[in-house]
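On a predicted model such as this, the values are computed, not experimentally measured, just so you know. Here is the naming used below: chain letters follow the sequence lines, and residue numbers restart at 1 for every chain.
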There are 2 protein chains.
Amino acid sequence: MERARVIMQMLIMSRLRWTRQRKLILDALKGRTDHPTAEQIYHELRERGETVSLATVYRTLRALVREGLLRELHGDGPDRFDPFVEPHYHFRCIRCGRVYDVATPYRGELDRVEVGPGFVITSHQITWEGICPECSREGKERRKHGEGSAGDGGTGRG
Amino acid sequence: MERARVIMQMLIMSRLRWTRQRKLILDALKGRTDHPTAEQIYHELRERGETVSLATVYRTLRALVREGLLRELHGDGPDRFDPFVEPHYHFRCIRCGRVYDVATPYRGELDRVEVGPGFVITSHQITWEGICPECSREGKERRKHGEGSAGDGGTGRG
DNA sequence: CTCCTTGCAAAGGATTTGCACTAAC
DNA sequence: GTTAGTGCAAATCCTTTGCAAGGAG
């Protein structure tokens with residue numbers, strides 16, 4: 001796939017250096033739909049025996065967000081990161097904190113809503129809240145920041 | 001107004017005690033559209049010479065959210081609180097972090113979107129992002145957590 | 001070679017918690 | 001009187017930052 005090339009190109013243009021850590025972190029995110037936290041990425045890399053520091057994971061993730069290669073999601077627990085940057089929506093489980101993609105078509109017209117005089121809209125987000133399949137199945141409490149893989153419960157990206 | 005009575009009723013039902021601090025905090029929020037943070041509430045009360053601790057402000061706000069008397073908003077900086085609990089949407093300024101109400105009608109049909117098998121939707125939120133009037137006017141950087149009153153820039157609740 | 005990145009540890013902001021005391025009910 | 005709420009300080013969680021050493025271009 002030439003996605004790596006495209007990414008590298010973007011990094012060059014943005015004068016971010018293509019370091020081993022950045023490669024690792026971006027690879028760890030690539031193609032995932034479970035919106036991991038910085039900690040999750042960090043632990044997964046460490047478990048694979050890679051050497052990265054949590055600080056670097058944070059710095060890299062934020063940098064990639066600034067470059068437009070990732071999207072940052074705010075919610076109840078720690079921030080989560082989404083490698084799929086095309087406009088789309090999310091579902092957040094109020095029980096476990098997991099975030100899922102929602103396949104519903106993007107409503108471009110919402111970017112042209114009248115907020116009020118002097119307001120400039122750059123984007124909009126829709127977030128559904130409720131209980132995810134994992135949690136309704138188990139019916140028991142969990143920690144706020146996801147544990148392990150979240151699967152996608154049947155949603156996903158078109 | 002009999003809203004106080006209603007609230008008191010809810011507090012009784014929920015066996016929350018109607019203490020001086022809770023009254024103060026709820027009063028400080030009531031009718032506001034600027035979605036203050038816990039710190040803001042705390043400082044405003046202290047400036048008025050009231051005695052409250054920041055811990056109590058946090059505890060109270062979270063409790064009132066649990067009771068459904070407030071809504072909690074997650075964003076870039078610290079959490080913000082909204083006394084207007086009827087379904088409505090928000091605009092968040094990516095420069096200063098201020099949050100405004102958006103008058104656009106609530107889209108109930110979005111609560112019936114197909115997320116996927118096993119997903120139960122309890123609510124949805126739409127958040128617009130962009131630059132608020134205050135910031136486009138000033139054109140300069142600011143701290144993430146709002147400073148002082150944010151006005152409402154022409155939006156507001158119907 | 002130069003400047004960006006990293007790792008580590010320390011600092012920082014936001015929020016919660018333990019505990020003895022106080023105040024609602 | 002009971003039991004829940006409060007203030008204070010300490011603790012915790014999440015994230016950023018300073019600095020010296022390392023690595024990419």
Side-chain angles (χ1 to χ4, degrees), chain A residues 7-26 35-43 45-46 49-67 70 72-81 97 99 142-147, chain B residues 7-26 28 35-43 45-46 49-67 69-70 72-81 97 99 142-147:
Chain A
I7 288 171
M8 200 174 154
Q9 190 56 44
M10 296 186 71
L11 290 177
I12 290 169
M13 292 195 312
S14 62
R15 79 159 145 5
L16 286 187
R17 288 179 178 173
W18 193 224
T19 66
R20 195 180 54 81
Q21 287 80 342
R22 284 179 182 168
K23 210 175 309 191
L24 281 173
I25 293 168
L26 206 43
H35 315 85
T37 64
E39 279 264 358
Q40 278 174 36
I41 299 283
Y42 171 69
H43 278 118
L45 291 176
R46 298 306 294 241
E50 303 291 355
T51 57
V52 229
S53 69
L54 182 53
T56 293
V57 173
Y58 269 107
R59 275 189 288 230
T60 299
L61 290 172
R62 302 292 187 204
L64 295 175
V65 167
R66 254 178 275 124
E67 299 304 320
L70 292 182
E72 187 179 354
L73 308 179
H74 305 298
D76 213 356
D79 290 346
R80 291 170 171 272
F81 297 86
V99 174
R142 287 174 166 254
R143 283 287 297 118
K144 282 291 165 51
H145 22 302
E147 48 292 282
Chain B
I7 288 170
M8 202 174 151
Q9 189 56 45
M10 296 186 72
L11 290 177
I12 290 169
M13 293 196 312
S14 61
R15 77 159 145 9
L16 287 186
R17 289 178 179 173
W18 192 223
T19 67
R20 195 179 54 82
Q21 286 81 341
R22 284 181 182 167
K23 212 175 308 188
L24 281 172
I25 292 168
L26 207 42
H35 315 86
T37 64
E39 278 266 355
Q40 278 174 37
I41 299 283
Y42 172 69
H43 278 118
L45 291 176
R46 297 306 295 241
E50 303 290 354
T51 57
V52 228
S53 70
L54 183 54
T56 293
V57 173
Y58 269 108
R59 276 188 288 230
T60 298
L61 291 172
R62 302 292 187 207
L64 295 176
V65 167
R66 254 178 274 125
E67 299 304 321
L69 295 175
L70 292 182
E72 187 181 354
L73 309 178
H74 305 298
D76 212 355
D79 291 346
R80 291 168 172 272
F81 297 87
V99 174
R142 287 173 166 257
R143 283 288 296 117
K144 283 291 164 52
H145 22 303
E147 47 294 282

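A heavy-atom distance below 4.5 Å is found between the side chains of B/Leu24 and B/Arg20. When side chains are defined from C-beta on, B/Tyr58 does not count as touching B/Asp79, because their heavy atoms never get closer than 4.5 Å.
The structure places CG of B/Leu61 at 11.0 Å from CZ of B/Arg66, a figure rounded to the nearest 0.5 Å. To the nearest 0.5 Å, atoms OH (A/Tyr42) and OG1 (A/Thr37) are separated by 12.5 Å.
Under the 3.5 Å distance criterion, the side-chain polar atoms of B/His35 are left unmatched by any main-chain donor or acceptor of B/Phe81. Judged by distance alone, the side chain of A/Thr56 and the main-chain N or O of A/Val52 form no donor-acceptor pair under 3.5 Å. No side-chain donor-acceptor contact under 3.5 Å links A/Arg80 to the backbone of A/His74.
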For this session: Verify salt bridge (charged side-chain N to carboxylate O under 4.0 Å, His left out) between A/Arg62 and A/Glu72, making sure each step is shown before the conclusion.
Result: CA-CA 8 Å; A/Arg62 302 292 187 204; A/Glu72 187 179 354; 2.6 Å; yes
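When the options B/Ile25, B/Thr51, B/Leu54 are evaluated for a side chain to side chain contact (heavy atoms under 4.5 Å, CB included) with B/Leu45, the one that passes is B/Ile25.
Rounding to whole angstrom units, CD1 of residue B/Ile25 and P of D/dG5 are separated by 12 Å. Distance, B/Tyr58 OH to D/dA10 P: 19 Å, rounded to whole Å. Summarising the geometry, the separation between CG on B/Asp76 and C1' on C/dG13 is reported as 13 Å, rounded to the nearest angstrom. B/Asp79 has its CG atom 9 Å from the C1' atom of C/dT15, to the nearest Å. In this structure, B/His74 places its NE2 atom 13 Å from C1' of C/dA14, rounding to the nearest Å. Note: CD (A/Glu39) to P (D/dT12) measures 15 Å, nearest angstrom. Rounded to whole Å, atom P of D/dT15 lies 11 Å from atom CZ of A/Arg80. In this structure, A/Lys23 atom NZ and D/dG23 atom C1' are separated by 12 Å, rounded to whole Å.
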Exercise. Using a cut-off of 4.0 Å between protein heavy atoms and nucleotide atoms, how would you tag nucleotides 4-11 of chain C 5' to 3' with B, S and -?
Worked result: BSBBB---
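For the helix from C/dC1-D/dG25 to C/dC25-D/dG1, the rotation axes defined at the first and last 5 base pairs enclose an angle of 40°, given to the nearest 10°.
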